[in-house]
Amino acid sequence: MALDKIGIAKRIAQELRNGWYVNLGIGIPTLVANYIPEGIEVEFQSENGVLGMGPFPFEGEEDADLINAGKQTITTLPGASFFDSADSFAMIRGQHVQLTVLGAMEVSQNGDIANWKIPGKMVKGMGGAMDLVASADNIIVAMMHSNKAGESKLLKNCALPLTGVGCVKKVVTELAVLEIIDGAFHLIERAPGVSVEEIVGKTEGLLIVPEFVPEMQL
Amino acid sequence: MNKAVENVAVALDGIKDGVTIMLGGFGLCGIPENSIGELVKKGTKELTCISNNAGVDGFGLGLLLETKQIKKMISSYVGENDEFERQMLSGELEVDLIPQGSLAERCRAGGAGIPAFYTPAGFGTEIAEGKEVRIYNGKPHILEEALTADFAIVKAWKGDTAGNLVYKAAARNFNPLMAMAGKITIAEVEELVPAGSLDPNQIHTPGIFVQRIFQGKAFEKRIEQRTVRKRD
């Protein structure tokens, strides 16, 4: 069966390694923080200027001065720090943040990502996405395999305006885990009960399928 | 040096139609809300505003959009504002969207006397169009130019009469960078104290970057997304 959003977040959480600083985008990526594997210590960075983000505050303890990049009220954990936006992106561009997880509208087989603009619709802006994808060594995209019209979001070439080129290394969808290597998607794992045929059928870009594709262990 | 002025009206003296203003804040967090209110009252028009976001309908820079005082916005994300959308789509409002890290660094560079810098952000995208590209460490980078402004209006938690500023939590964001990049920097603080009352070890923005400082009359500090968890 295809995963739900929580399943995608749980699978991505397995990629976390001890001691990493991690930036989570808005949407499914945010959920990853709820499923940190036991024995793993990571610190979450929010690009508006927070390291060591904690859970949402208890009702009545919200602080207007303490928000995340999604403008949500948050708390901090012991060891947290605050800094300005230039320092924040120095952490990102300077590759001090080990993992970035973000959503996307389209990903291409050479790792291009489009996630900020749909021509003809209101443009909201790229926020920090272009800085994040251009700099991070390790970028995981969390998204659904197809869009609402049922079209594949894993493409030969992105049709939408790009956020970054050749930067995505891994994609986790409700159907599969895919790595991007040398201009092709490589099928690494499939969601429990999902067939290789279904993944092949829903992937427009070049997809390399090994002889044996294990199921995700969630 | 005493930079304290008695109120917001005096602090904003000299802001005329057509000037460029940097305004600190991320979303509604750390915005100079007293100064924005005063700009509405003054009716200053044709403003170019450099701010990461554009407020929401009815608060923050949304107030200056409602009164059509802004000619151009330079921001990284403007998604939370219907009036903004209407003016942008109708062509009334000019909009320049910049990646957030580049916006921050462009302000910092402007204040630090660095005219331009190379960054990987935006290479291969439409924001790189017309910009010089150079390869460093095997990776393409684009040239981004520094930003300065006639006025920078920042918001801090505490400040002293010498212009030294301390920010609280995530309300720091763009404020220290814009403070550096304004030809005249105006600091709006929640608490103004005499010089010597703040610990020099704890100052975030040294007073040299601030020309005028005042204590804001009232701070609503509106929350954009109130997210909470239940007690067990």
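A quick note: this is a predicted structure, and the numbers were derived from the prediction, not measured. Numbers restart at 1 for each chain; the letters A, B, ... are given by sequence-line order, proteins then strands.
Partners of A:K202 by side-chain contact (heavy atoms from CB on, under 4.5 Å), not counting sequence neighbours, listed by chain and number: A:H145, A:S146, A:L175, A:E198. Among residues two or more places apart in sequence or in another chain, the side-chain contact (heavy atoms from CB on, under 4.5 Å) test is passed with A:P78 by none.
A donor-acceptor contact closer than 3.5 angstrom links the side chains of A:T73 and B:T227. Side-chain contact annotation: B:S197 with B:D160, donor-acceptor N/O pair under 3.5 Å absent.
For chain B, the nearby parts of A:E47 are the backbone and the side chain; heavy atoms of each come within less than 4.5 Å. For B:N52, no part lies under 4.5 angstrom from a heavy atom of chain A. Of the atoms belonging to A:T76, not a single heavy atom falls under 4.5 Å from chain B. Proximity to chain A is limited to the side chain of B:R108, based on heavy atoms less than 4.5 angstrom apart. Both the backbone and the side chain of A:A69 have a heavy atom closer than 4.5 Å to some heavy atom of chain B. Proximity to chain B (any heavy atom under 4.5 Å) is shown, for A:V123, by both the backbone and the side chain. At a 4.5 Å heavy-atom cutoff, B:E220 makes no contact with chain A through either its backbone or its side chain. Residue contact with chain B, scored on non-hydrogen atoms closer than 4.5 Å, involves the side chain of A:F89 exclusively. For A:D112, no part lies near chain B; criterion is any non-hydrogen pair under 4.5 Å.
Among residues 129-144 of chain B, the residues having any heavy atom closer than 4.5 Å to a heavy atom of chain A are, in sequence order, B:K139. Below 4.5 Å, heavy atoms of chain A meet heavy atoms from B:F84, B:E85, B:M88, B:L97, B:I98, B:P99, all part of residues 83-99 of chain B.
Salt bridge A:E106/A:K153: absent, no basic N to carboxylate O contact under 4.0 Å. Salt-bridge check for A:E59 with B:K230: passed, with a basic side-chain N closer than 4.0 Å to an acidic carboxylate O. At a threshold of 4.0 Å, the pair B:E190-B:K221 counts as salt-bridged, since one of the basic side-chain nitrogens sits closer than that to a carboxylate oxygen.
No side-chain donor-acceptor contact under 3.5 Å links A:Q14 to the backbone of A:I12. The closest donor-acceptor contact from the side chain of B:S75 to the backbone of B:S51 lies under 3.5 Å. Within the 3.5 Å criterion, the main-chain N or O of B:T185 finds a donor-acceptor partner in the side chain of B:Q211. Checking side-chain atoms of B:N53 against main-chain N and O of B:G27 turns up a donor-acceptor pair under 3.5 Å.
The closest side-chain heavy-atom distance from A:I74 to A:S46 is not below 4.5 Å. Between B:V228 and A:F58, the closest side-chain pair of non-hydrogen atoms is not below 4.5 Å. Side-chain contact between B:Q69 and B:L63: absent, with no pair of heavy atoms (C-beta onward) separated by less than 4.5 Å. Taking the side chain as every heavy atom from C-beta outward, A:T173 and A:L154 approach each other to under 4.5 Å. Residues B:W157 and B:H204 form no side-chain contact, since every pair of their non-hydrogen atoms from C-beta on lies 4.5 Å or further apart. Looking at heavy atoms from C-beta onward, B:L103 lies in side-chain contact with B:L147 at the 4.5 angstrom threshold.
Taking chain B as the reference chain and counting heavy-atom pairs below 4.5 Å, the highest number among A:K117, A:E61, A:M130 is found for A:M130. Top candidate by heavy-atom pairs under 4.5 Å with chain B, chosen from A:P57, A:A64, A:G70, A:G128, is A:P57. Of the listed residues (B:E105, B:K168, B:R222), the one with the most heavy-atom contacts under 4.5 Å to chain A is B:K168. The choice from A:V50, A:L66, A:N48 that makes the most heavy-atom pairs within less than 4.5 Å of chain B is A:N48. If you tally non-hydrogen atom pairs under 4.5 Å between each of B:S102, B:A128, B:G30 and chain A, the highest count goes to B:S102. In terms of heavy-atom pairs under 4.5 angstrom with chain B, the leader among A:D87, A:D84, A:L162 is A:D84. Between chain B and the residues A:S85, A:A134, A:P55, the largest count of heavy-atom pairs under 4.5 Å involves A:S85. Between chain A and the options B:A54, B:P176, B:A169, heavy-atom pairs under 4.5 Å are most frequent for B:A169. For the set A:G166, A:G127, A:G49, the entry with the most heavy-atom pairs within less than 4.5 Å of chain B is A:G127.
For the pair A:K71 and B:F26, the cation-pi test (distance below 6.0 Å, angle within 45°) is passed.
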